[in-house]
K.L.:
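Okay, handing you the structure first.
Counting starts at 1 for both ligands and their atoms, in listed order.
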Amino acid sequence: MKFNTSGSSMSISSEIAPEFKHRLLAIVGEENFSDQSIDLVSGSYDASRHRGRPWAVVWPRDSESVAGILALAQQERIPLVPRGAGTSLTGMAVPARGGLVLDMCRMNRILEISIKDRVAVVEPGVVYEDLQKALSTQGFFFPPDPASGKVCTIGGNVAANAGGLHGAKYGSTREYVLGLEVVIPGGKSMSIGTRTMKCSSGYDLVHLFVGSEGTLGVVCQVTLKIDPKPTAFATTLAAFPSLEAAGRAVSEIMSCGVIPSVCEFFDSNTVKVLRQHGGLSLPHSEALLLVETDGIRQEEADLHMSVIMDVLSTCKTTQVRKARDRDEAQEFWRHRKNLGGLKNLLASGWASEDVTVPIGSIAQLVSGIDRIVKSKGLGLMMFGHAGDGNFHPVILYDRQTSSHEVLVHEAVQEIFRLGLELGGTLSGEHGIGMEKAPFMAWEHDEPSLAAMRGIKALFDPHNIMNPGKMAMG
Ligand SMILES: Cc1cc2nc3c(=O)[nH]c(=O)nc-3n(C[C@H](O)[C@H](O)[C@H](O)COP(=O)(O)OP(=O)(O)OC[C@H]3O[C@@H](n4cnc5c(N)ncnc54)[C@H](O)[C@@H]3O)c2cc1C
């Protein structure tokens with residue numbers, strides 16, 4: 001859950017000891033170190049409500065410096081928080097227990113793009129969109145497409161297992177990470193995974209690090225599988241008389257034999273905001289689906305869309321229409337990516353969620369969320385990557401009404417329960433961080449949590465890597 005209220009999380013702040021600072025400076029140099037207030041404040045927050053002041057910020061320039069820092073930090077038991085662009089919505093990048101922020105933005109080189117091998121090798125501070133631009137000139141792309149892509153980094157995407165608009169067809173970051181160079185506490189570098197398209201050799205350490213939220217080590221290099229970039233698209237919007245009807249239609253579409261490249265869901269409040277503030281000509285409706293198919297040739301995208309149109313003709317819709325042209329479709333996607341910022345226009349307070357369920361349970365999830373939120377007299381704006389069962393209900397409330405925050409907490413917990421009862425998960429893409437750590441035991445049984453904590457202790461016996469996250473100590 002993300003609240004737009006002031007931070008409630010405790011931080012333990014302290015100053016950096018002179019001897020430690022001296023040794024750190026010997027590793028990174030004056031120009032890559034700061035304990036100035038302005039940098040400590042910048043490193044103290046991300047896009048969540050959580051806050052925690054670090055003791056210093058360092059900007060490593062290579063994996064050797066990272067190794068030196070991790071050796072020193074382990075010796076001195078100093079907490080470390082790797083940081084990309086700080087766009088986490090769950091407090092993943094907040095220094096919950098002080099210590100050092102390792103801002104990875106200066107390790108931002110695209111080291112290699114090999115079309116022959118179908119891989120890109122990058123440093124973790126590369127911004128998602130910069131990689132896309134470089135790949136695009138060669139007709140390829142890295143598909144996850146988080147809405148924060150203009151600023152978030154590949155290291156952050158890997159650590160959060162980021163997803164986005166194209167998840168329905170292309171999956172999340174995890175599906176694309178082939179190999180990693182990581183530095184673990186104590187300063188050892190590990191080269192894990194491969195640059196091959198398949199690998200059946202030993203435990204899958206790569207996928208253990210993907211989604212580990214910086215709790216196991218620092219990612220210093222990433223080898224990504226890349227995909228040929230589609231060049232032809234067909235986009236359709238379908239309006240529905242109820243949330244449930246739209247939810248059912250998603251299940252029908254996703255089981256019709258054609259996988260759309262995008263299948264986004266909007267409720268009536270989202271449609272209202274997009275009409276009023278995005279200037280989009282969308283039909284008034286209780287729920288809307290925006291569906292896109294893609295391909296290398298237009299015939300391919302159109303053929304796939306015709307199958308989806310056949311499905312929609314059997315669903316309860318009030319209107320179905322194709323995008324007028326590619327410009328109109330691009331406008332839809334641009335405004336979709338900006339939706340997060342528009343919620344402020346609907347209410348003074350909001351809390352946004354990231355619940356994900358199996359596709360067949362979408363209708364129950366969306367109608368259940370609506371029921372929960374309305375039963376508490378709160379407002380709702382709900383959108384999501386329906387094609388992969390990932391929904392972002394935003395609970396709207398009045399910040400001046402003190403009882404509302406309690407009601408919001410209750411509603412969020414009921415939504416978690418509903419999602420889990422439907423076979424879902426606490427997070428489809430935003431991670432656990434500090435925000436959902438208290439609920440990990442709702443989703444994972446005790447042996448699973450014990451196994452996770454055992455893995456954490458193996459890599460990080462003194463719990464210096466991003467402590468206070470994911471309920472890992
Ligand atoms: C407006 C907005 C829209 C968003 N839309 C989406 C979306 O569509 N899909 C989605 O998945 N997320 C989305 N997010 C959340 C966020 O952008 C993603 O989680 C993103 O992957 C975080 O990247 P970052 O570079 O900002 O990482 P940070 O927020 O800085 O860090 C995230 C985590 O990664 C760890 N980390 C960072 N770099 C490294 C490294 N080199 N080694 C080890 N650990 C590291 C950090 O310790 C932290 O645990 C959105 C956020 C905002 C504000």
Side-chain angles (χ1 to χ4, degrees), residues 2 4 42-43 45-48 50 54 59-60 63 66 70 79-96 99-108 122-130 144-167 171-174 177 180-185 209-222 264 333 336-344 352 354 356 383-385 388 390 392 427-435 437 459-460 465-470 472:
K2 184 189 166 218
N4 65 338
S42 299
Y45 65 93
D46 56 17
S48 74
H50 297 279
W59 290 268
S63 53
V66 175
L70 264 69
L80 286 172
V81 184
R83 185 179 175 91
T87 62
S88 166
L89 294 166
T90 55
M92 287 187 280
V94 169
L100 287 184
V101 164
L102 259 75
D103 188 327
M104 303 304 288
C105 69
R106 293 184 188 168
M107 286 177 68
N108 62 353
V122 302
E123 290 185 325
V126 169
V127 169
Y128 179 88
E129 194 164 286
D130 292 345
D145 200 12
S148 51
K150 278 200 166 83
V151 290
C152 68
T153 65
I154 301 298
N157 298 163
V158 170
N161 188 25
L165 287 186
H166 297 112
S172 301
T173 301
R174 182 167 275 129
V177 185
L180 293 173
E181 303 281 342
V182 295
V183 176
I184 57 173
F209 271 81
V210 180
S212 66
E213 302 187 6
T215 60
L216 299 179
V218 181
V219 172
C220 289
Q221 193 173 299
V222 186
E264 289 290 304
W333 305 131
R336 161 62 188 91
K337 288 190 176 181
N338 292 335
L339 260 181
L342 295 177
K343 53 190 174 271
N344 299 315
S352 86
D354 173 37
T356 303
F383 50 93
H385 312 308
D388 55 17
N390 183 200
H392 300 308
S427 173
E429 55 184 26
H430 294 166
I432 298 297
M434 297 162 82
E435 192 64 44
F459 284 103
D460 183 19
M465 287 305 311
N466 209 359
K469 310 296 163 69
M470 264 177 34
M472 289 299 115

K.L.:
Test your reading of the structure: does Asp46 have an N or O sitting under 3.5 Å from an N or O of ligand 1?
P.N.:
no
K.L.:
Which bit of Cys152 gets closer than 4.0 Å to ligand 1, counting heavy atoms only: side chain, backbone, both or neither?
P.N.:
both
K.L.:
Taking 4.0 angstrom as the limit and counting only heavy atoms of Gly217, give me the atoms of ligand 1 inside it, by number and element.
P.N.:
43 (C)
K.L.:
Quick one: CG on Asn466 to CE on Met434, what's the gap to the nearest 0.5 Å?
P.N.:
9.0 Å
K.L.:
Check whether any side-chain heavy atom of Val222 lies under 4.5 Å from a side-chain heavy atom of Val177, and answer yes or no.
P.N.:
yes
K.L.:
Identify which of Gly214, Gly84, Pro82 has a heavy atom lying nearest to atom 47 (O) of ligand 1.
P.N.:
Pro82
K.L.:
Keeping Lys469 on the side-chain end and Ser212 on the backbone end, is there a donor-acceptor pair under 3.5 Å?
P.N.:
no
K.L.:
I'd like to check which ligand 1 atoms, numbered from 1 as shown, lie under 4.0 Å from a non-hydrogen atom of Thr153.
P.N.:
24 (P), 25 (O)
K.L.:
Out of Leu89, Val183, Val219, who gets a non-hydrogen atom closest to atom 42 (N) of ligand 1?
P.N.:
Val219
K.L.:
Considering only heavy atoms from C-beta outward, does the side chain of Leu70 approach that of Leu102 to under 4.5 Å?
P.N.:
yes
K.L.:
Out of Ala47, Ser148, Gly43, who is nearest to atom 14 (N) of ligand 1 when you count heavy atoms only?
P.N.:
Ser148
K.L.:
Which atoms of ligand 1 are found less than 4.0 Å from any heavy atom of Ala85?
P.N.:
24 (P), 25 (O), 26 (O), 27 (O), 30 (O)
K.L.:
Return a yes/no value for Val81: is any of its N or O atoms, backbone included, closer than 3.5 angstrom to an N or O of ligand 1?
P.N.:
no
K.L.:
Under a 4.0 Å N-O cut-off, is there an ion pair linking Asp46 with Arg83?
P.N.:
no
K.L.:
So which of Leu80, Asn157, Thr173 gets nearest to atom 20 (C) of ligand 1, if we judge by its closest heavy atom?
P.N.:
Asn157
K.L.:
Take every heavy atom of Ser172, measure it against each atom of ligand 1, and state whether any distance is under 4.0 Å.
P.N.:
no
K.L.:
Heavy atoms only: give me the nearest Leu80-Pro467 pair and the separation to one decimal.
P.N.:
O-CD, 4.3 Å
K.L.:
With backbone taken as N, CA, C and O and side chain as the heavy atoms from C-beta onward, which portion of Ala162 lies under 4.0 Å from ligand 1: side chain, backbone, both, or neither?
P.N.:
both
K.L.:
Measuring from atom 5 (N) of ligand 1, which candidate in Cys220, Gly428, Ala147 has the nearest non-hydrogen atom?
P.N.:
Ala147
K.L.:
Which residue from Gly163, Pro124, Ser88 reaches closest to atom 9 (N) of ligand 1 through any of its heavy atoms?
P.N.:
Gly163
K.L.:
With a 4.0 Å cut-off on heavy atoms, is Asn466 in contact with ligand 1?
P.N.:
yes
K.L.:
Taking Asn157 for its side chain and Ala162 for its backbone only, find out whether a donor-acceptor pair lies under 3.5 Å.
P.N.:
no
K.L.:
Can you list the ligand 1 atoms lying under 4.0 Å from a non-hydrogen atom of Gly156?
P.N.:
21 (O), 23 (O), 24 (P), 25 (O), 27 (O), 34 (O), 37 (C), 38 (N)
K.L.:
Please could you name the atoms of ligand 1 that Ala159 approaches to less than 4.0 Å, counting only its heavy atoms?
P.N.:
34 (O), 35 (C), 36 (N), 44 (N), 45 (C)
K.L.:
If the plane angle is over 60° it's perpendicular, under 30° parallel, otherwise tilted; pick one for His430 and His392.
P.N.:
parallel
K.L.:
Side chains of Lys150 and Val127, heavy atoms from C-beta outward: is any pair under 4.5 Å?
P.N.:
no
K.L.:
How long is the straight-line distance from CZ of Arg174 back to CG of Asn161, given to the nearest 0.5 Å?
P.N.:
4.5 Å
K.L.:
Relative to ligand 1, is Met104 under 4.0 angstrom through side chain, backbone, both or neither, heavy atoms considered?
P.N.:
side chain
K.L.:
Got a second to check how far Leu180's CG is from Phe209's CZ, nearest 0.5 Å?
P.N.:
8.0 Å
K.L.:
Can you name the atoms of ligand 1, numbered from 1 with element, that are less than 4.0 Å from a heavy atom of Glu213?
P.N.:
47 (O), 49 (O)
K.L.:
Regarding atom 53 (C) of ligand 1: of the candidates Val182, Thr87, Asn161, which has the closest heavy atom?
P.N.:
Thr87
K.L.:
Is Glu181 reaching over with its side chain to a backbone N or O of Cys220, donor-acceptor style, under 3.5 angstrom?
P.N.:
no
K.L.:
Using a 4.0 Å heavy-atom cut-off, say whether His430 meets ligand 1 through its side chain, its backbone, both or neither.
P.N.:
side chain
K.L.:
Minimum heavy-atom separation for Lys337 to Ala147, with atom names?
P.N.:
O-CB, 3.8 Å
